[in-house]
Amino acid sequence: MAVVTRISAQKKSKERYNVFIDRGAGEEFAFSVHEDVLISNSLKKGMEISESEWEEILSLDELKRAYSRALHYLSFRMRSAHEIFQYLVKAEINEEVATKVIAQLKEQKYVNDREFAGMLVRTRMNTTSKGPGAVKQELITKGVGESDMQHALAEFTHERQLETCTKLAEKVLSQKKNISLNEKKQKLKMQLLQKGFSSDVIDQAISAASASAKPDENEEMEALKKQAEKAHRKYSKYEGYEYEMRMKRALFSKGFSAHMIDQVLRENH
């Protein structure tokens, strides 16, 4: 058993107090606690404290520190329960304590994975060009459960996906890149798949965008000529039939029509 001999406020943190005790060999520093823990345990000078009570106070203080740390982490933006848990563990908070903090935050409505997932989905829809597949992966990394995840992704309707996808498709197809319209479509499809859109939505979007981005024949021809110049530099060492077949295969693989390829090859001879 020890006796509390002195309690003094810390200079750097007004919310924390240093507790000193005497176990029979003179005064010594025992521990520091948060003001709330000090009050809840009625710690005061002259109070007797046992080893078990001491340990209980330290446990409560650790919980308080972890809780305060979690609140600070939450002050910047909403977080998933998994994110907060990982943050606390990384800060060397005991996993058992971290679990208790998460439970407390959920009870106080500071943490709600369903609301968090919905917020993240709406933010990604409104501020990025990500599709539902990419957003789902983000939710998985943040530890959101399947039920909460599917509830949130339901907001990413087919119509909204198609709208986003079509805008991207129109932008890409209207760009001048010295490649055929067919190659633009192939590259666009890969880009949209990587963004997390489904093949069905992508095909619909490209079809809709193509209606307003019909190939300009002069532009397509200019792109073909640029590609033909590149192919010629590669295959100029060949002659006759071999040269012609290699050129045709190379340009056809770039999405140009056989008719246009024949025309360019005739003009170059």
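For the single chain, residues carry numbers from 1 onward in sequence order.
Within the 3.5 Å criterion, the main-chain N or O of Glu163 finds no donor-acceptor partner in the side chain of Thr166. With hydrogens and angles ignored, the 3.5 Å screen pairs no side-chain donor or acceptor of Ser207 with any backbone N or O of Gln204. In this structure, the side chain of Glu115 does not engage the main chain of Asn112 through any donor-acceptor pair within 3.5 Å. Under the 3.5 Å distance criterion, the side-chain polar atoms of Asp148 are left unmatched by any main-chain donor or acceptor of Ala117.
Using modelled atom types and a 3.5 Å distance limit, the side chains of Gln10 and Ser13 yield no donor-acceptor pair. No hydrogens or angles considered: nothing links the side chains of Thr5 and Lys45 as a donor-acceptor pair under 3.5 Å.
Distance check: Ile102 CD1 to Glu107 CD gives 13.5 Å after rounding to the nearest 0.5 Å. Interatomic distance, OG1 of Thr99 versus CG of Asn94, reported as 8.5 Å (0.5 Å rounding). Note that the CG atom of Leu188 and the NZ atom of Lys171 stand 12.0 Å from one another [nearest 0.5 Å]. Rounded to the nearest 0.5 angstrom, Arg246 CZ and Tyr238 OH are separated by 3.5 Å. Rounded to the nearest 0.5 angstrom, Arg114 CZ and Met119 CE are separated by 15.0 Å. Residue Arg6 holds its CZ atom at 12.5 Å from CD1 of Ile21, rounded to the nearest 0.5 Å.
The number of heavy atoms from other shown groups lying within 6.0 Å of NE2 (His82) is above 12. With a 6.0 Å radius and a threshold of 12 heavy atoms from other residues, nucleotides or ligands, Glu146 has its CD atom above the threshold.
At least one side-chain heavy atom of Leu74 sits under 4.5 Å from a side-chain heavy atom of Val111. For the pair Lys230/Arg233, a side-chain contact is recorded, criterion being any heavy-atom separation below 4.5 Å from C-beta on. Within the 4.5 Å cutoff, side-chain heavy atoms of Arg69 are placed close to those of Leu88. Residues Thr123 and Met78 fail the side-chain proximity criterion, which asks for heavy atoms closer than 4.5 Å. Taking 4.5 Å as the limit, some side-chain heavy atom of Leu120 sits within range of a side-chain heavy atom of Lys142. With a 4.5 Å cut-off on side-chain heavy atoms, Val19 and Ser32 do not count as touching.
Listed by chain and number, the residues in a side chain to side chain donor-acceptor pair (under 3.5 Å) with Tyr67 are Gln108 (sequence neighbours excluded).
Among all heavy-atom pairs drawn from Leu173 and Ser210, the shortest one is CD1-OG, 3.9 Å. Shown here for Ser199 and Leu193, the closest heavy-atom pair between the two residues is OG-CD2, 3.8 Å. Contact record, Ile84 with Ala70: CG2-CB, 3.9 Å, taken as the closest heavy-atom pair. Closest heavy-atom contact between His34 and Asp61: N-OD1, 2.8 Å. Contact between Thr164 and Ser129 at its shortest, heavy atoms only, is CG2-CA, 4.3 Å.
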Glu83 and Arg77: CA distance, side-chain angles, deciding distance, salt bridge (Lys or Arg N to Asp or Glu O under 4.0 Å) verdict: CA-CA 11 Å; Glu83 280 185 289; Arg77 66 166 174 82; 2.9 Å; yes

Worked check of side chain to side chain contact (heavy atoms under 4.5 Å, CB included) between Ile140 and Val144: CA-CA 6 Å; Ile140 289 173; Val144 176; over 6 Å; no

Pair Ser50-Glu53, side-chain hydrogen bond (donor to acceptor under 3.5 Å, both in side chains): steps then yes or no: CA-CA 5 Å; Ser50 67; Glu53 288 172 328; 3.3 Å; yes

Verdict with reasoning, Lys189 to Asp203, per salt bridge (Lys or Arg N to Asp or Glu O under 4.0 Å): CA-CA 8 Å; Lys189 186 163 187 175; Asp203 290 341; 3.0 Å; yes

Audit row: Glu138, Lys130, salt bridge (Lys or Arg N to Asp or Glu O under 4.0 Å) steps and yes/no: CA-CA 10 Å; Glu138 191 172 356; Lys130 287 184 177 181; 3.3 Å; yes

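Using cut-offs of 30° and 60° on the angle between ring planes, the pair Tyr73 and Tyr87 is parallel.
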